[in-house]
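Here is the structure we will look at, set down as structure tokens.
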Amino acid sequence: MRNPQLNRHGELIHLLSTEGLPRAVIVQILDTAAQFVSVNDREVKKVPLLRGKSVFNLFFENSTRTRTTFEIAATRLSADVFNLDIARSSTAKGETLLDTIANLSAMAADIFVVRHSESGAPYLIAQHVAPHVHVINAGDGRHAHPTQGLLDMYTIRHYKKDFANLSVAIVGDVLHSRVARSDIHALTTLGCPDVRVVGPRTLVPGDLSHLGVRVCHSLEEGIRDCDVVIALRLQNERMSGALLPSSQEFHQAFGLTPQRLRWAKPDAIVMHPGPVNRGVEIDSSVVDGTQSVVLPQVTFGIAVRMAVMSIIAGNEA
Ligand code: CP
């Protein structure tokens, strides 16, 4: 079956997941983002690449970073941006997702940026839009968050230059994390030889060897000599049962403290997709410390989202 993200020439037309994205496409996005980083430093932060295009942000789940940086990115590309207020939309009256998309398409949408609690919602939309319309997944359920994965790759490449000799540990609630899945697929595609997922047995599935990662249920073993530590929030909103005794007990066993960070390499960087729960998965002194690149991640997210939108808008289905 053809990859729904690519056209018959192998070019990106929708961004739905980092799974199945060819290495060349990921590198194209990271290289294009590198060119856009300088736009953020200009007095006039605009380029005309999406002039005349309409970008619709549809966030059916809450967001601070993703929604805002998509809006900034589209604005800097000179697109017209429309943020649908889902709570006040006719979704509340029972209008279906596909009817909403059909009606917004009738308003000449060119790009839909979609966050949804249901895994697969962006795929469904991509199957129903006209050939000239593009869909970007801004996070679907626990499945994928591809632009977060790509901005994480951009950040790692910025600080560590090369994926070939890196050890990367992803720590915390891997079970419910769409970020973890997107990071794992991107890291393995880019040739990272040592990807570890770290957390309690209830939050880190035991057998992930098919994904090319090593599972560690001890924080010391998991982050020992790592170059990159990615901390994840406990996704309480996606937990159906009592998977954890308490957030305090999680912190005691897996919380990233300055003392524990010494198990990683001295020049290790600390990442987190946000929002951060200080004192649970990570201490304030680590989030705000010298090894943290949490805020640069957010800034790089603008350039990466500019890159994704400019690339897909240039490709025909
Ligand atoms: N990283 C991330 O997805 O953050 P938001 O939920 O604030 O968009």
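Just so you know, ligand 1 is whichever comes first in the structure, and atom 1 is the first atom listed for that ligand.
For ligand 1, the atoms sitting less than 4.0 Å from at least one non-hydrogen atom of T64 are 5 (P), 7 (O), 8 (O), numbered in the order shown with element in parentheses. Set against the non-hydrogen atoms of T66, the atoms of ligand 1 under 4.0 Å away are 2 (C), 3 (O), 4 (O), 5 (P), 8 (O). The atoms of ligand 1 that sit less than 4.0 Å from any heavy atom of G274 are 1 (N), 2 (C), 4 (O).
Checking only distances, P275 never comes within under 3.5 Å of ligand 1, N or O to N or O. Here's the thing with R67: none of its N/O atoms is less than 3.5 angstrom from an N/O atom of ligand 1.
Checked against the 6.0 Å centroid criterion, the rings of F112 and H134 do not qualify as a close aromatic pair. Ring centroids of Y123 and H143 are separated by less than 6.0 Å, placing the two rings close together.
Figure legend: cation-pi geometry between R305 and F70, with NZ or CZ positioned under 6.0 Å from the six-membered ring centre and within 45° of its axis.
With respect to the salt-bridge test (charged N to carboxylate O, under 4.0 angstrom), the residues D227 and K265 qualify.
Among protein heavy atoms, atom 1 (N) of ligand 1 sits closest to P273 O, 2.7 Å.
Hydrophobic clustering (ILVMFWY, side-chain heavy atoms < 4.5 Å, transitive): V298 and I230 are in distinct clusters. No path of Ile, Leu, Val, Met, Phe, Trp and Tyr side chains, each step under 4.5 Å between heavy atoms, connects L16 with I184, placing them in separate hydrophobic clusters.
Around atom 3 (O) of ligand 1, the closest heavy atom drawn from E61, R65, H145 belongs to H145.
Distances shorter than 4.0 angstrom occur between a heavy atom of R115 and an atom of ligand 1.
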